[in-house]
There are 2 protein chains.
Amino acid sequence: MIRAAIVGYGNIGKSVYEAISASEDISLEYIVSSKQLDIDVAVLKNISELTDVDVAILCSPSRAVPEIAASLLSKGISTVDSYDIHSNIADVRTKLDKVAKENNCAAIIAAGWDPGTDSVVRALLLAMVPRGITYTNFGPGMSMGHTVAVKAIPGVRDALSMTIPTGSGVHRRMVYVELDQGADFEKVSELILNDDYFVHDETRVIRVDDIDLLKDVGHGVNLIRKGVSGTTHNQRIEFSMSINNPALTGQVLVSSARAVTKQKPGCYTMIEIPPIDFLYGDIDKLIRDLV
Amino acid sequence: MIRAAIVGYGNIGKSVYEAISASEDISLEYIVSSKQLDIDVAVLKNISELTDVDVAILCSPSRAVPEIAASLLSKGISTVDSYDIHSNIADVRTKLDKVAKENNCAAIIAAGWDPGTDSVVRALLLAMVPRGITYTNFGPGMSMGHTVAVKAIPGVRDALSMTIPTGSGVHRRMVYVELDQGADFEKVSELILNDDYFVHDETRVIRVDDIDLLKDVGHGVNLIRKGVSGTTHNQRIEFSMSINNPALTGQVLVSSARAVTKQKPGCYTMIEIPPIDFLYGDIDKLIRDLV
C-alpha cells in the first residue's frame with residue numbers, strides 16, 4: 001500500500017479523499033488542515049508535523065503550492081499537486097527538481113486536467129500531427145480565478161464567472177453578480193469589464209438575486225488539432241469531456257500519487273510520466289487490456 | 001541527428017519516408033527492400049546488410065515483424081514497429097525485451113494508432129476515470145485484414161471491406177466485391193458471410209464493377225469512456241479523429257523512432273513511454289508550450 005497524506009481540505013481535498021477511498025492500493029494516513037474536521041482520519045495542524053508517508057497530495061491554493069512542496073520534498077516526502085498557474089510551471093519544476101533530487105524523492109506538478117491530462121493530450125497530438133494548430137476550448141464551466149476577481153469588486157456580495165467556449169480557443173465570460181444593498185449595477189458592471197481578468201475577452205455581466213441557485217461544478221473541454229502528419233494535410237483529431245471538475249482533479253491527483261512513487265528522484269510534469277505509471281495493476285495485464 | 005533505416009517499402013514505408021523528410025532531427029540512411037526503388041537513398045536487399053544506424057523502422061507485414069525485430073535487436077540496432085495483432089503484443093514484448101536488454105538497445109512495438117496512440121488515450125482515460133466502460137469505435141475506413149480475407153475467396157477478383165461504426169464498440173462490415181467472370185454472386189456472398197472474419201459481425205456484401213473507384217485510405221476512430229472519478233459518476237470523455245491512415249501510422253512510427261533512442265534497453269509499448277519523448281525540441285520549451 002502507498003501511504004498518503006492530504007494537505008489542505010477544501011473542494012479538491014474532499015475529492016482526493018473520495019478517490020483514495022475508491023482506490024485499492026493507497027491508504028490515507030493523515031489530513032493536514034488547520035480546520036476542525038469531522039472525519040475518521042488523523043488530522044495534523046501543520047505540514048511540519050507530517051512524517052512517515054510516501055506521498056503528500058497538495059490541495060492548497062496554487063500560489064501556496066511551491067513553498068509547501070519544497071518544504072515536504074526537503075524532508076524526503078514525495079508530493080503531487082494541481083498547481084495551475086501555467087506561466088510559472090516550468091520554473092517551479094526546475095526549482096522543485098533540485099530539492100527532490102537532493103532529498104531522494106519525487107514530485108509531479110500541475111497534475112489536474114488543465115494543466116494535466118489536457119497537457120498529455122496536447123503532447124500526443126503533437127507527436128501524431130507535428131505541424132498545425134491546437135485549439136483548447138474550455139467550458140461551459142465556472143472559472144475560479146475570474147469568480148474571485150469579481151468578488152473583490154466593491155458592491156459585489158457574491159459572484160460566478162462562467163467560461164463559455166465560442167470556438168478556436170476564444171471564450172466568452174458570462175459574469176453573474178449578486179449585489180450589496182444600494183450598489184449601482186452600472187458602476188459594478190463597468191468595473192468588471194475594465195478588470196484585467198476580463199478586459200481581453202467578450203464579457204457579459206448579469207444581475208441575479210441569488211448566486212447559490214446557479215452553482216454547479218460541471219466543466220468541460222474541447223481540444224482540437226488539425227494539421228499535417230508527414231506530408232499529408234487535413235488530419236483532424238478532437239478530445240472532449242464533460243466532467244465534475246473537483247472529482248476529476250481529485251482523481252488525477254490520486255493517480256499521480258501512485259505514479260510519483262514509481263519515478264526516479266526529480267520533479268516532473270504529467271507529459272514526462274509513462275501513462276501506465278498512473279494505473280493500478282499488473283503491467284502485463286494492463287498491456288493486454290489497453291494496448 | 002538520429003540515423004534511421006526503413007525496413008519494407010509499401011504504403012507505410014512510403015509514409016515513413018515522408019515523415020522523416022518533414023522531421024528536423026532524423027536522417028534516412030537506408031531503405032531495406034527486395035524491390036527496385038527509384039529513390040535517392042541507399043537501398044539494401046536484406047536486413048543482414050544493415051549496420052551503422054540508431055534505429056530501424058519496420059514497415060513489413062505484422063506477422064513478419066517479431067522475427068525481423070529480434071534479428072536487428074540482436075545486432076544492437078533499436079527498432080520500432082506498428083505490429084497490430086493485439087492478442088500477441090504482450091508476448092512479443094516479453095520476447096523482444098530480453099533480446100534488447102542482452103544487446104543494449106531498445107524497441108517500441110505496436111506504435112501505430114490502434115494499437116498505439118489509441119492505447120495511450122485508453123490508459124489516460126483509465127487514470128482519469130478508473131471505473132466505467134471504454135468503447136473504441138473504428139471507421140468508417142478500410143480494414144486491411146478483412147479485405148485480404150475476402151480476396152482469398154474463390155470468384156473474387158478484387159475486394160474492399162469497410163469498417164462502419166454503429167456505436168458502443170459494435171461495427172458493421174460493408175464488403176464490396178468485384179467478381180471474376182462467371183462467378184456466382186450468391187455463392188461468393190455466402191462464403192464471405194460464413195468466413196471467420198465476418199461471422200461475428202453484421203455484414204453486407206455488395207457487388208461493384210470496379211473496386212479501384214472506391215479506394216480511399218481515410219480512416220477514423222471514436223473512443224468514448226463514461227464512468228466514475230473517485231465516487232462521482234457520469235464523467236464523460238471522448239477522443240475522435242478523421243485521418244489518412246498510412247500518413248498517421250508513418251508519423252507515429254517516426255515519432256516513436258525519436259522516442260526509442262531516449263529509452264533504457266528493453267522493449268516497450270507506447271503506454272510505457274513518457275509522451276514528451278516522442279517530441280522534437282528542448283524539454284523546457286515543450287513544457288512551456290504544452291503544459
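Everything quoted here is computed from the prediction, not taken from an experiment. In what follows, every chain begins at residue 1, and chains take the letters A, B, ... in the order their sequences are listed.
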Review point. So which of B/Pro130, B/Ser240, B/Pro115, B/Pro246 has the largest heavy-atom pair count under 4.5 angstrom toward chain A?
Key: B/Ser240

Review point. With chain A, which of B/Val120, B/Asp118, B/Thr136 has the greatest number of heavy-atom pairs at distances under 4.5 Å?
Key: B/Val120

Check your understanding: Can you tell if the side chain of B/Pro274 reaches within under 4.5 Å of the side chain of A/Ile273, non-hydrogen atoms only?
Key -> no

Practice item. Determine yes or no for a side-chain-to-main-chain donor-acceptor pair under 3.5 angstrom, with A/Gln235 supplying the side chain and B/Asn244 the backbone. Key: yes

Are more than 12 heavy atoms from other residues, nucleotides or ligands located less than 6.0 Å from atom [atom1] of [X]?
{"X": "A/Asn11", "atom1": "CG", "result": "no"}
{"X": "A/Ile133", "atom1": "CD1", "result": "no"}
{"X": "A/Ile39", "atom1": "CD1", "result": "yes"}

Please flag which part of [X] lies under 4.5 Å from any non-hydrogen atom of chain A: side chain, backbone, both or neither.
{"X": "B/Leu279", "result": "side chain"}
{"X": "B/Ile271", "result": "both"}
{"X": "B/Ile20", "result": "neither"}

Give the member of [options] that has the highest number of heavy-atom pairs under 4.5 Å with chain B.
{"options": "A/Leu124, A/Thr134, A/Val121", "answer": "A/Leu124"}
{"options": "A/Thr269, A/Asp114, A/Thr94", "answer": "A/Thr269"}
{"options": "A/Arg131, A/Lys285, A/Arg236, A/His86", "answer": "A/Arg236"}
{"options": "A/Leu286, A/Asp284, A/Thr117, A/Val16", "answer": "A/Thr117"}

Point to revise | Identified side chain to side chain contact (heavy atoms under 4.5 Å, CB included) counterpart of B/Arg122 within the set A/Val291, A/Leu290, A/Asp289 | key: A/Leu290

Hey, what do you get for [atom1] ([X]) to [atom2] ([Y]), rounding to the nearest 0.5 Å?
{"X": "A/Trp113", "Y": "B/Ile237", "atom1": "CH2", "atom2": "CD1", "answer": "10.5 Å"}
{"X": "B/Met128", "Y": "A/Ile243", "atom1": "CE", "atom2": "CD1", "answer": "7.5 Å"}
{"X": "B/Ile283", "Y": "A/Glu272", "atom1": "CD1", "atom2": "CD", "answer": "6.5 Å"}
{"X": "B/Leu125", "Y": "A/Met241", "atom1": "CG", "atom2": "CE", "answer": "10.0 Å"}

**Study point:** Proximal to chain A - members of residues 249-264 of chain B, heavy-atom separation under 4.5 Å
**Key:** B/Gln251, B/Val252, B/Ser255

Revision key, fill the gap. Okay, A/Asn234 and chain B: the region with an atom under 4.5 Å from a heavy atom over there is backbone

Point to revise | Under 4.5 Å from a heavy atom of chain B, the part of A/Ala123 involved | key: both

Study note, to complete from the structure: For B/Ile85, the side-chain contact (heavy atoms from CB on, under 4.5 Å) test, sequence neighbours excluded, returns B/Ser62, B/Tyr83, B/Ser87, B/Asn88

Point to revise | Working for side chain to side chain contact (heavy atoms under 4.5 Å, CB included), residues A/Arg288 and B/Asp91 | key: CA-CA 9 Å; A/Arg288 284 175 204 279; B/Asp91 293 335; 2.9 Å; yes

Exercise for review: Considering only heavy atoms, give the residues of residues 215-233 of chain A separated from chain B by less than 4.5 Å, sorted numerically, with 'none' for an empty result.
Suggested key: A/Ser229, A/Gly230, A/Thr231, A/Thr232

Practice item. Tell me, please, which residues at least two apart from A/Tyr9 pass ring pair (Phe, Tyr, Trp, His ring centres under 6.0 Å). Key: none

